[in-house]
Amino acid sequence: MDDILETVKEKLPQLRGLNAVVAFDCGDDGHIVIDATGDEPEISDDNPSDADCILKIKKANLEKLIAGKLDPMLAFTMGKLKIKGSMGVAAKLSSMLD
């Protein structure tokens with residue numbers, strides 16, 4: 001997860017204005033929680049269940065998603081990505097990472 005974490009850290013400035021807490025839940029591989037409610041988004045160690053939007057995804061698919069090799073909408077429709085919580089936040093996140 002460390003390599004994914006580094007890539008996510010690089011993309012944090014793109015998430016200004018998201019105004020939400022988002023969690024990527026990779027099951028046994030771990031989770032990443034992004035708190036974009038303040039001026040500067042940051043990665044936190046908060047409990048993922050407290051997030052406004054939880055994206056359940058396998059680690060390998062998260063790597064592809066972050067690298068731009070997996071379209072979020074396609075991943076969702078194919079069942080590779082499950083969303084719990086705000087669909088609006090998930091859609092906004094998707095557009096901010098393009």
Side-chain angles (χ1 to χ4, degrees):
M1 287 294 280
D2 291 338
D3 50 338
I4 294 174
L5 203 55
E6 288 305 312
T7 306
V8 170
K9 283 180 182 177
E10 292 170 11
K11 294 185 180 265
L12 283 179
Q14 296 174 330
L15 302 180
R16 284 187 196 109
L18 183 61
N19 214 15
V21 177
V22 178
F24 292 97
D25 181 356
C26 298
D28 292 338
D29 289 322
H31 66 270
I32 298 172
V33 179
I34 301 170
D35 184 347
T37 56
D39 291 337
E40 292 296 322
E42 55 189 39
I43 294 176
S44 72
D45 57 358
D46 292 342
N47 185 335
S49 65
D50 295 337
D52 299 304
C53 180
I54 301 171
L55 306 168
K56 290 185 155 271
I57 187 169
K58 290 183 180 177
K59 181 184 173 200
N61 289 329
L62 179 57
E63 289 171 342
K64 292 177 190 172
L65 185 75
I66 299 220
K69 296 179 181 176
L70 178 63
D71 180 82
M73 294 306 285
L74 182 63
F76 179 73
T77 56
M78 292 178 65
K80 294 181 178 186
L81 170 67
K82 295 183 176 146
I83 301 169
K84 181 179 177 188
S86 173
M87 293 290 277
V89 169
K92 192 173 179 183
L93 176 68
S94 173
S95 68
M96 293 175 102
L97 291 176
D98 282 343

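In this chain, numbering begins with 1 at the start of the sequence shown.
Atom CG of L18 is separated from atom CG of D35 by 10.0 Å, given to the nearest 0.5 angstrom. Here the NE2 atom belonging to H31 is positioned 13.0 Å from the CG atom belonging to L62, to the nearest 0.5 angstrom. Taking CD of E40 as the start and CG of L15 as the end, the distance is 11.0 Å to the nearest 0.5 Å. Once rounded to the nearest 0.5 Å, the distance linking NZ of K59 with CG of D3 reads 5.5 Å. The line from CD1 of I57 to NZ of K64 is 9.5 Å long, rounded to the nearest 0.5 Å. Within the model, atoms CD1 of I4 and CD of E63 stand 4.0 Å from one another, a figure rounded to the nearest 0.5 Å.
The shortest side-chain heavy-atom distance between M78 and L74 falls under the 4.5 Å cut-off. At least one side-chain heavy atom of M1 sits under 4.5 Å from a side-chain heavy atom of C26.
Chaining together hydrophobic side chains whose heavy atoms lie under 4.5 Å apart places V21 alongside V33. Residues near M73 contribute nothing to a hydrophobic cluster around it, because no ILVMFWY side-chain heavy atom sits closer than 4.5 Å to its side chain.
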Please report the C-alpha distance between K11 and I66 in whole Å, then the side-chain angles of each, then the deciding distance to 0.1 Å, and finally whether the side-chain contact (heavy atoms from CB on, under 4.5 Å) criterion is met.
CA-CA 9 Å; K11 294 185 180 265; I66 299 220; 3.9 Å; yes

Would you please test M87 and I83 for side-chain contact (heavy atoms from CB on, under 4.5 Å) and show each step?
CA-CA 7 Å; M87 293 290 277; I83 301 169; 3.7 Å; yes

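Hydrophobic cluster membership differs between I54 and V8, with clusters built from Ile, Leu, Val, Met, Phe, Trp and Tyr side chains linked at under 4.5 angstrom. In the hydrophobic clustering of ILVMFWY residues, with side-chain heavy atoms under 4.5 Å counting as a link, L55 and I32 come out together. I43 and F24 fall within the same hydrophobic cluster, defined by Ile, Leu, Val, Met, Phe, Trp and Tyr side-chain heavy atoms under 4.5 Å apart, directly or through other members.
When every heavy atom of P41 is checked against every heavy atom of L12, the shortest pair comes out as CG-O, 3.3 Å.
Sorted by first and then second residue, the side chain to side chain donor-acceptor pair (under 3.5 Å) pairs with a member in residues 76-93 form an empty list; sequence neighbours excluded.
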